Asks: 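One structure follows; several queries about it will come next.
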Amino acid sequence: MLRLHDTATGAVSEVRFRAAGRASLYVCGPTVYDAPHLGHGRFSLVFDVLRRYLLFGGREVTYVSNITDIDDNVIERARLRGVEPAELTSRYEAVWWDAMAGLSVLRPDAAPHATAYVGAMVETIAELETRGVAYETSDGVYLEVAKVPGYGLLAHQPLESLRAGARVDAVDEKRSPLDFVLWKKAKPGEPTWSSPWGAGRPGWHTECVVMSLGLLGDGFDIHGGAIDLIFPHHENERAQAVALGRDFAHHWVHNGWVTVDGEKMSKSLGNFSGLDDLLAKGGGRAYRLLVLRSHYRSPIEVTPETVSDAEAGLARLDELARRFSLVALGAGSTPVRSSDHPEIDGEALDRFCASMDDDLDTPGAVAGIFELVRKAHTAADRGEAAGAELLARTVAVLCGALGLDLAGPAVETADPVVDALVQRRDAARERRDWALADALRDELVSLGWVVEDSPSGTRIRRAAASGGDDALGRG
RNA sequence: GGCGGCGUGGCCGAGUGGUUUAGGCAGGGGCCUGCAAAGCCCCGUACGGCGGUUCGAUUCCGCCCGCCGCCUCCA
């Protein structure tokens with residue numbers, strides 16, 4: 001029984017799925033006007049893990065995550081670059097999917113584009129107007145928040161205090177500062193779509209209501225996103241659904257910040273780091289482990305230290321994979337708890353699921369995996385081959401369930417120089433020429449290899465790639 | 001001003017009213033090894049401060065201090 005924190009109630013509660021054996025998720029995706037940063041990486045990983053865990057439980061999961069390809073930021077950035085908005089967004093969408101691949105995040109089952117749903121949005125806005133909750137002004141169409149029962153549910157704020165902080169435009173025909181725009185009438189030079197209110201484009205908050213309800217249907221299970229989307233974005237999505245009389249998301253899940261030096265990482269503070277640097281150093285797996293090791297609602301501090309810490313943990317998992325020739329199970333798919341891998345440690349599996357069911361306690365789940373790693377080594381050292389295999393295989397399956405790939409067993413070098421050094425070292429060791437053997441080891445190390453002796457001779461593997469420091473691309 | 005979160009051993013980061021520990025990293029000692037590496041074993045006796053409740057609190061309550069977030073585009 002999966003329990004998750006629900007922003008609507010502020011409490012952890014059982015997720016009551018709409019249909020047995022199935023799960024429907026809508027996760028707010030990126031606006032593709034710039035390269036993704038660590039925060040995008042975190043929410044993508046968090047919900048990828050949730051999705052995989054649902055799959056692991058044997059559910060048929062429908063995961064929808066949108067691509068916002070029209071909004072003020074897109075228009076502004078495109079103008080600055082002197083390119084068409086569509087050109088800008090298609091370029092950054094490609095960057096986005098590359099980054100997701102680098103993080104081993106599974107592709108959404110559907111990734112709807114806002115621009116493909118403008119027609120449906122116009123219909124929705126028209127219906128809101130018909131229902132008397134939306135009104136037209138000289139610059140657009142707005143939703144009248146005061147007419148929506150329960151507005152402020154997600155923000156956990158009374159209408160009054162929300163109003164106190166709301167932005168007030170100089171020229172404002174809005175009936176309340178909290179009323180938000182559904183349709184923006186076009187200004188010169190902007191991309192436009194036609195509508196009953198003239199040429200223009202939809203406001204941000206409408207696309208997610210239309211696409212989530214359109215693709216997942218009423219009363220879908222989980223709506224997710226980062227914590228900063230709670231207000232106003234999700235509040236406003238919900239307001240539209242309520243005003244339409246539609247049954248919206250049943251469970252609201254939000255993940256915490258990425259922080260830098262204890263402060264929220266944000267573009268306005270200029271303290272954000274791109275995902276590209278991290279991924280260029282092969283840090284995708286390390287970032288996943290880093291994200292897994294803290295609770296999804298807690299802030300995570302991403303620093304050279306915490307990244308290299310995660311890399312060290314990863315090295316421990318990889319070492320087990322090498323020793324037992326474990327195959328990575330999380331790459332493009334995810335294992336299923338009962339059917340695919342019955343031959344794993346049942347008690348460990350139960351504990352893993354108990355942690356995950358408890359509001360996605362991935363730190364607990366990961367701790368359990370590391371205990372298994374130790375147990376597997378210990379069993380192997382004692383010569384208990386079968387038991388060790390079982391434990392190691394359990395690690396592989398559980399890592400797979402978390403989307404955590406394990407580095408493949410052996411490293412094949414195609415490098416003749418390196419191979420020659422290895423062969424010479426084996427020969428030297430056979431002659432018990434320790435001085436030469438050590439010298440050759442030093443040489444391999446200086447070439448970036450970790451050298452280990454094994455019954456079958458010199459074994460090498462790549463030294464940890466990044467060392468954290470420059471993996472973040474800041475100094 | 002309104003609402004909310006956090007403060008755990010060198011670092012990261014869980015958790016719990018009391019007996020045996022989360023887990024990882026780093027560090028110390030040992031085993032293994034030609035020497036290493038990897039692995040295994042052992043070790044540090046932590047819970048912001050002050051009161052209160054209690055037989056007993058890091059865990060419950062109050063106050064204080066410190067940090068952070070939301071209320072505005074933001075993952």
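Just so you know, these numbers come straight off a predicted model, no measurement behind them. Just so it is clear: chains get the letters A, B, ... in the order the sequence lines come, proteins before strands, and each one is counted from 1.
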Asks: Are there any protein N/O atoms within less than 3.5 Å of an N/O atom in nucleotides 33-35 of chain B, and if so, which ones and at what distance?
Replies:
from  : atom 1 : to     : atom 2 : distance (Å)
B:G34 : O6     : A:R429 : NE     : 3.3
B:G34 : N1     : A:D438 : OD1    : 2.9
B:G34 : N2     : A:D438 : OD1    : 3.3
B:G34 : N2     : A:D438 : OD2    : 2.6
B:C35 : O2     : A:R441 : NH2    : 2.4
B:C35 : N3     : A:R441 : NH1    : 3.1
B:C35 : N3     : A:R441 : NH2    : 3.3
B:C35 : N4     : A:D453 : OD2    : 2.5

Asks: If you only use heavy atoms from C-beta on, which nucleotide in B:G39, B:U72, B:A75 is closest to the side chain of A:E319?
Replies: B:G39
Asks: Please enumerate all residues that pass side chain to side chain donor-acceptor pair (under 3.5 Å) together with A:W97, with sequence neighbours excluded.
Replies: A:E93
Asks: Report the residue (A:G256 or A:A367) whose heavy-atom-nearest nucleotide on RNA chain B is the more 5′ of the two.
Replies: A:A367
Asks: Going by an N to O cut-off under 4.0 Å, is there a salt bridge joining A:R441 and A:D438?
Replies: yes
Asks: Tell me, please, which residues at least two apart from A:S24 pass side-chain contact (heavy atoms from CB on, under 4.5 Å).
Replies: A:R18, A:L216, A:F220, A:D221
Asks: Between B:C68 and A:K264, counting only base atoms on the nucleotide and side-chain atoms on the residue, is there a donor-acceptor pair under 3.5 Å?
Replies: no
Asks: By side chain to side chain donor-acceptor pair (under 3.5 Å), which residues pair with A:R425, not counting sequence neighbours?
Replies: A:D453, A:T458
Asks: Can you tell me if A:T115 and A:D69 form a side-chain donor-acceptor pair at under 3.5 Å?
Replies: yes
Asks: Can you pull the side-chain hydrogen bond (donor to acceptor under 3.5 Å, both in side chains) pairs that have at least one residue in residues 376-387 of chain A, sequence neighbours excluded?
Replies: A:R323-A:H377, A:R323-A:D381
Asks: So which of residues 290-299 of chain A are in contact with RNA chain B, with a heavy-atom cut-off of under 4.0 Å?
Replies: A:R293, A:S294, A:H295, A:S298
Asks: For B:G39, take OP1 and OP2 only and decide whether either is under 4.0 Å from a side-chain N or O of A:R316.
Replies: yes
Asks: Give every pair of a protein N or O atom and an N or O atom of nucleotides 26-28 of chain B that lie under 3.5 Å apart, one pair per line with the distance.
Replies:
none

Asks: Please enumerate all residues that pass side-chain contact (heavy atoms from CB on, under 4.5 Å) together with A:T306, with sequence neighbours excluded.
Replies: A:L290, A:T303
Asks: Please name the residue in the list A:V242, A:L143, A:V145 that meets the side-chain contact (heavy atoms from CB on, under 4.5 Å) test with A:Y151.
Replies: A:V145
Asks: Wobble G-U and Watson-Crick pairs count when both distances are under 3.5 Å; given that, what is the 5' to 3' dot-bracket string of RNA chain B, with | for pairing to other strands?
Replies: (((((((..(((.....[....))).(((((.......)))))....(((((..]....))))))))))))....
Asks: Once you round it to whole Å, what is the distance between C1' of B:A75 and CZ of A:F47?
Replies: 10 Å
Asks: In terms of side-chain heavy atoms of A:P363, which of B:C73, B:A75, B:A22 is nearest?
Replies: B:A22
Asks: Can you tell me if the side-chain N/O atoms of A:K375 get under 4.0 Å from OP1 or OP2 in B:C40?
Replies: no
Asks: Can you list everything that forms a side-chain contact (heavy atoms from CB on, under 4.5 Å) with A:T137? Sequence neighbours excluded, please.
Replies: A:Y135, A:D139, A:Y142, A:E173
Asks: List the residues meeting salt bridge (Lys or Arg N to Asp or Glu O under 4.0 Å) with A:D309, not counting sequence neighbours, and say none if there are none.
Replies: A:R293
Asks: Polar pairs (N or O, both sides) under 3.5 Å between protein and nucleotides 2-11 of chain B?
Replies:
from : atom 1 : to     : atom 2 : distance (Å)
B:G2 : N2     : A:Q157 : OE1    : 3.4
B:G2 : N2     : A:Q157 : NE2    : 2.6

